[in-house]
Amino acid sequence: MMASPRLETFCCPNRDASTEFVITFQPLFFGAICIGSASLSLIFSILQILPKRRGYRRLGQYPLPKPASSSRILFIITICDILGCAGIIVRSSIWLGLPNLITGISVANNSDVWPEVFCVGSAMWIQLFFSASFWWTFCYAVDVFLVVKRSAGISTIVLYHMITWGLAVLLCVEGIAMLYYPSISSCEDGLQHAVPHYITTYAPLLLVLIVNPMLFARTVSAVTSLLKGRQGIYTENERRLGTEIKIRFFKIMLVFFVCWLPNIINESLLFYLEMQTDIKAGDLKNVRNAALITWFIMGILNPMSGFLNTLAFHGWTGLDIDCSLQRRRELAWDSSTSAANVGGYNPIVGSTLLYQSHVQDAKNMTGKNMTGNGQPPSDAISVLSEGSESSTIEIHMSTEHRDYEDIDADGESLGSSAKH
């Protein structure tokens, strides 16, 4: 009951032998595993994105930047994962609670359409939102690359919406239509008619696995060059920021590989079994065991990808949830008025370090230098800062209480020097 095209294939009464083999192996135990994993992922993913009091206390006294498109992309990825987990929970719960309904799926030319409606509908729901999560993950890699290449604009997020939802819906509908031709109750026999469905399912997954590491590597290289070009030197702060970016991208890809690579392995094994005349042959025992092992691993890791993604994106945000509406309004007011404080000191504080803020501070310092020597600010910093309202790289790193005191002291010293 996880994100596998075998879910849609199972809806055909004349399903292939390999699909029948994995779906019918310990279905109750497998369904319970899926419910447990999806429930934990859904609960902790929601807790991760809820506002925290800690964030208010540490950041509320300072102007906050406007959320960037990359931050919104990460939030959308989390929402897609949550909705996908919700579909897994519903499907697995019905699977365990209404066995008669599931039995009706295997009956050819069944007069009761509800088993097929549930099977196809729940499978499409799961596939749609996890596919959208894949596309948004790809767009995130594209976005951070475009930021440092000075190509991201305010309307970029709209383009991302069109690409992700359009492709997710198109490929999902096309794959399902070809799989269930001419009808759900009489799907075509053989492997050929199911191949387009599997291609449309795994295309975005393979895209992220192959292309995202290359985009992240080029982004890190470009950011390093950009930081070196600020003042002609590569200080410890720039080196630390570059390391944080590398670690963040590594975490994102590590979670993706761990959670979704088993799907590729399992599908390869099942396709190999399908090409055999008898999948129950003795010499195929190891292949069958490997297919079952990866099948259960998928049941655990696919739903958990939502929560693990939030850890890769944000780290552990804690359980100190801020339920105060008044505080959230004050925090929103601080964010909305931050643009008015262009002449003030805007330190980087708290557990969130924004690359946008880092570059903006550099721009402000360069702007001050410009007033003294007449030299224009760095083109790279200017272009990146101009697109920062819609695109930015957000890096999370921990700081100590001593850092806040140093920042406050620096702020007071700057204010005093300005008065003199």
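Everything numeric here is computed off the predicted structure, so don't read it as measured data.
In this view, S39 satisfies the side chain to side chain donor-acceptor pair (under 3.5 Å) rule with no residue, not counting sequence neighbours. Applying the side chain to side chain donor-acceptor pair (under 3.5 Å) criterion to W136, with sequence neighbours excluded, gives T164.
In this structure a side-chain-to-backbone donor-acceptor pair under 3.5 Å is missing from S41 to S37. With hydrogens and angles ignored, the 3.5 Å screen pairs no side-chain donor or acceptor of R91 with any backbone N or O of G121.
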### Task
In sequence, state the C-alpha distance, the side-chain angles, and the governing distance for F130 and N302, and then conclude on side chain to side chain contact (heavy atoms under 4.5 Å, CB included).
CA-CA 9 Å; F130 278 113; N302 284 183; 5.6 Å; no

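Of all non-hydrogen atoms in T19 and E274, the two that sit nearest each other are OG1-OE2, 4.5 Å. Of all the heavy atoms in G31 and S92, the pair that sits closest is O-CB, 3.8 Å. Between T137 and N212, the shortest heavy-atom contact is O-ND2, 3.1 Å. Contact record, P5 with E267: CG-OE1, 3.7 Å, taken as the closest heavy-atom pair. Closest of all the heavy-atom pairs between G318 and K52 is O-CE, 2.8 Å. Nearest heavy-atom pair across G315 and Q48 is O-NE2, 2.8 Å.
Salt bridge annotation for K280-E20: absent, with no cationic side-chain nitrogen under 4.0 angstrom from a carboxylate oxygen.
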Atom pairs and distances, side-chain donor-acceptor, residues 75-86, under 3.5 Å, sequence neighbours left out:
{"from": "T78", "atom 1": "OG1", "to": "L74", "atom 2": "O", "distance (Å)": "3.0"}
{"from": "D81", "atom 1": "OD1", "to": "S133", "atom 2": "OG", "distance (Å)": "2.9"}
{"from": "D81", "atom 1": "OD2", "to": "N309", "atom 2": "ND2", "distance (Å)": "3.1"}

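Between F134 and F256, the ring centre distance stays below 6.0 Å.
Relative to the ring axis of Y180, R15 does not place its NZ or CZ within 45° and under 6.0 Å from the centre.
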